[in-house]
Amino acid sequence: MMKILLFSTLIIAIGMAFLLIKVLSNKEGRFSSQHIHDSKAMRERGIHCVMDQDREMRRRSRFAVTEKSK
């Protein structure tokens, strides 16, 4: 039981160290955005996030359920 706890703690510590190195190596100290709409390559290919694709299909379809306003 103790070996598993030590091994788990070691794995988590190594992961945290890698995250720290990543944050410190960036100029702004931030991670880059992982959203599809923020990726230039995805925009050039015409790939959008699922929410945008769903919204677009709802506008096109005459049988679609309309979205509620918030």
Side-chain angles (χ1 to χ4, degrees):
M1 178 70 179
M2 190 61 142
K3 288 182 181 181
I4 293 173
L5 183 64
L6 287 173
F7 184 70
S8 300
T9 305
L10 179 66
I11 295 290
I12 292 171
I14 290 171
M16 295 298 287
F18 283 132
L19 285 173
L20 178 66
I21 291 168
K22 172 78 174 170
V23 169
L24 292 176
S25 66
N26 286 336
K27 292 178 183 176
E28 298 176 8
R30 294 179 167 194
F31 292 108
S32 60
S33 174
Q34 300 298 315
H35 294 279
I36 291 176
H37 66 268
D38 291 335
S39 171
K40 183 180 176 184
M42 293 292 189
R43 283 193 309 257
E44 288 173 354
R45 292 182 179 121
I47 299 173
H48 307 284
C49 75
V50 120
M51 297 299 287
D52 291 340
Q53 288 177 347
D54 182 53
R55 193 175 298 116
E56 186 177 324
M57 292 304 291
R58 288 175 190 250
R59 284 188 203 135
R60 289 185 194 170
S61 176
R62 63 182 183 158
F63 299 110
V65 177
T66 58
E67 293 182 38
K68 290 183 177 180
S69 300
K70 290 184 179 181

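All values below were derived from every heavy atom in this structure, side-chain atoms included, with hydrogens, water molecules and symmetry-related copies excluded. This is a predicted model, so every value here is computed, not measured.
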- [ ] Output the rest of the hydrophobic cluster of Ile4: all Ile, Leu, Val, Met, Phe, Trp and Tyr residues reachable through side-chain heavy-atom contacts under 4.5 Å, sorted by chain and number.
- [x] none
Side-chain donor-acceptor contacts of residues 9-16 below 3.5 Å, not counting sequence neighbours, with atom names and distances?
{"unit_1": "Thr9", "atom_1": "OG1", "unit_2": "Leu5", "atom_2": "O", "d": "2.8"}

Task: side-chain contact (heavy atoms from CB on, under 4.5 Å) partners of Lys40, counting only residues at least two apart - done: Arg43, Glu44
- [ ] Heavy atoms only: give me the nearest His48-Ile36 pair and the separation to one decimal.
- [x] C-CG2, 3.9 Å
